[in-house]
Amino acid sequence: MSRIAGIFSSWPEARATLELDGLLGHFRQSAPQTGKTANGSAVLGAAFTAGADAPLASRGTLSVVVDGRIFNAGDFGAPDRPSAEIMLDLYQQYGFQEALARVNGDFAVALYDAATGSLWLGRDRVGVKPLYFTYRHGVFAFASQPGALLRLPGVSPQVNRRFAGLFAGSHYRTFDNAQDESPYEDIRQLPAGHIAEAAAGREPRLKAYWTLSEQADFTLPEHELAEQYRHLLVDAVGIRLARSAAPAFLLSGGMDSSSVIASAVRVSGKKQHAFSSVYDDRTYDESAEIRSMLDSSVEEWHPVRIGNPDIFATIDRMVRTHDEPVATATWLSHYLLCEQAAGLGFGTLFGGLGGDELNAGEYEHFFFRFADLRQAGDETTLRREVEHWARHHDHPIYRKNMAVVDAALQTIVDLRSPGLCHPDRARLDRYAAAVNPDFFDVKAFVPVMDRPFRSYLKNRAFHDIFRETAPCCLRAEDRQTSAFGLQHFDPFFDYRLIEFMFRVPGSLKIRDGVTKILLREATKGLLPEETRTRIKKTGWNAPAHVWFSGAALDTLRDMVGSRVFRERGIYNTAEVTRLIDEHQRIVDDPAPRENHMMFLWQLVNLELWLRSVDDQTRGIAGATA
């Protein structure tokens, strides 16, 4: 595991190196070793753990630092060659942009070429590895996390008001809509699949080196596509397994994580260790579904029982690890799981992130499949699909019928413009009244809705991966594994699988009320039939409604009633108090109703993060007094 940072400036080398030491100090607790290289106007450095893939390399006028792994290293010589050396070779042969286009990896990379006076930044295609930068008063600096850059003189911890306002009162899908922003005003994020070039005396220039675009759907028979899919998935797992140390696998009751561990068993010829979050609350616990995988794929199962954690103390630890608030309550369970996995000596965690996005695995994806059918004028297939959808998935709160579909298609898509999706305003604005509009007007926020495809379902998946669900999840996974010295790999986000699945027709993703059709076909003989054919899933979630009950709600009321909370001016405290009281009534009532656990999770995360920012601000003021 490594973290990277660097400074490009006109400062004397001694000063730049001293400031770089300060940036790397942000990572020393989780990555105690450091290395640096200086080359003219740039100093680059990395903090890393023992056994990390040598993150630094220099050659003549070139210096490079890499956080992450290149999985197709064998295409460029020995398969165990360090990623930094590979990047130097490729840059010398092809230039920076083409070098990134030739590698398959999860990486953030910085390369300085003293001959041209340019510092290049690059990030993997999906954004598995984060990278932040700032340009202030002629000084360009970058780091794996924004908190490191706050250690640099002149970089303010001033909070990005739009980020804070959306975190306070909107849905987590909005947090990453602006792909180049960070939670801090003075710090930007390099978007996934982008490069940046910095040169002396000017702002860095950003450019995409990879994206997805409209291509014809595959027309091969289903069984042939399934065979190709299986080959790609097993290979994606295999090339990551070859670059992992002491691997273990996250295992839920769903197909995605199960497919990853089963592929690892196929590649390695041996069963693997698996970790799962388990809960006393049966609504969220997947232990029964997980058991169908144990005999075929698991050497030893490590269930991590979450129970009722000290929610405020744990969140406080998390936000200080993340340098920002954490999007959803599920990541608290993941945080505790990472802590236990590292304590048992594991070095890598494999997960199933990306499977839902690529395979139309979320329940809301049904609506966008329905929209594609209606836009195509195929009402016969649409009616049949809705009937199967209702048969398999009807719910006493979230009903499934044609009237629900008709109403949804009037709001979430534009049927006059193929592929044009609209934001779900009811979801995004549900808690808008809890935010003071003088701080940020949630209802006035208009998210960017990209439209690279004529298919609504494909555009929904595109948004999930690049602007909505995936970015916050990948960021949380990276922060938490790194905090405990772990690597993390998500084989479904191999770019070859992404490009492949964006050419698979919707009928091979959703059919007869069942999702993940092609994945189910591809995993025949790989997964137990009980797992492969299971239609309903619990979903990776956490019982935060229980965590926010009893004494925890009293603590929350004290927080909301505090002077510092009121004086921030972010929240309408009367509305927040009403929501807390209503949440308690819902939790105490056995009748099924939607509670406010997600809003309360976001509120506590935001406030505890802002307190950490207050500490940072006081520290800066004290240092300059």
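Because only heavy atoms are used, hydrogens play no part in the values below, and waters and symmetry mates are left out as well, while side chains stay in. Only a predicted model underlies this, so the values are computations on that prediction, with no experimental measurement involved.
- The aromatic rings of Phe275 and His302 sit parallel to each other, their planes meeting at less than 30°, with 60° as the upper class boundary.
- Using cut-offs of 30° and 60° on the angle between ring planes, the pair Phe71 and Phe489 is perpendicular.
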Practice item. Could you check His194 against Asp180 for side-chain hydrogen bond (donor to acceptor under 3.5 Å, both in side chains), going step by step and ending with a plain yes or no? Key: CA-CA 10 Å; His194 278 65; Asp180 67 338; over 6 Å; no
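- Taking the side-chain contact (heavy atoms from CB on, under 4.5 Å) definition, one finds that Arg202 meets it with Glu197, Ala199, Arg205, sequence neighbours left out.
- Taking the six-membered ring where the residue is Trp, Tyr112 and Phe8 present tilted rings, their angle falling between 30° and 60°.
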Check your understanding: So Arg59 and Gln92, side-chain hydrogen bond (donor to acceptor under 3.5 Å, both in side chains) or not? Walk me through it.
Key -> CA-CA 10 Å; Arg59 183 183 303 154; Gln92 288 184 309; 2.7 Å; yes
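- For residues 144-163, the set of pairs meeting the salt bridge (charged side-chain N to carboxylate O under 4.0 Å, His left out) definition, not counting sequence neighbours, comprises Arg162-Glu181.
- Here the closest non-hydrogen pair linking Arg479 and Pro146 is NH2-CD, 3.6 Å.
- When side chains are defined from C-beta on, Ile7 counts as touching Leu152, because their heavy atoms get closer than 4.5 Å.
- Between atom CD of residue Gln616 and atom CZ of residue Arg320 there is a gap of 10.0 Å, rounded to the nearest 0.5 Å.
- Ring planes of Trp331 and His334: perpendicular class, angle over 60° (limits at 30 and 60°).
- Between Phe440 and Phe445, the ring planes are tilted. Angles from 30° to 60° get that label.
- A cation-pi arrangement is found for Arg102 relative to Tyr94, the charged atom lying closer than 6.0 Å to the ring centre and inside a 45° cone about the ring normal.
- Under the 4.5 Å side-chain criterion, counting only non-hydrogen atoms from C-beta, Met318 is not in contact with Asn605.
- In Gln29, the CD atom is not crowded: 12 or fewer heavy atoms of neighbouring residues, nucleotides or ligands sit closer than 6.0 Å.
- Counting only distance, with no hydrogens or angles, the side chain of Thr348 and the backbone of Ala245 share a donor-acceptor pair below 3.5 Å.
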Practice item. Just do the ring pair (Phe, Tyr, Trp, His ring centres under 6.0 Å) check on Tyr184 and Trp609 with the steps written out, would you? Key: CA-CA 12 Å; Tyr184 302 91; Trp609 171 61; 5.6 Å; yes
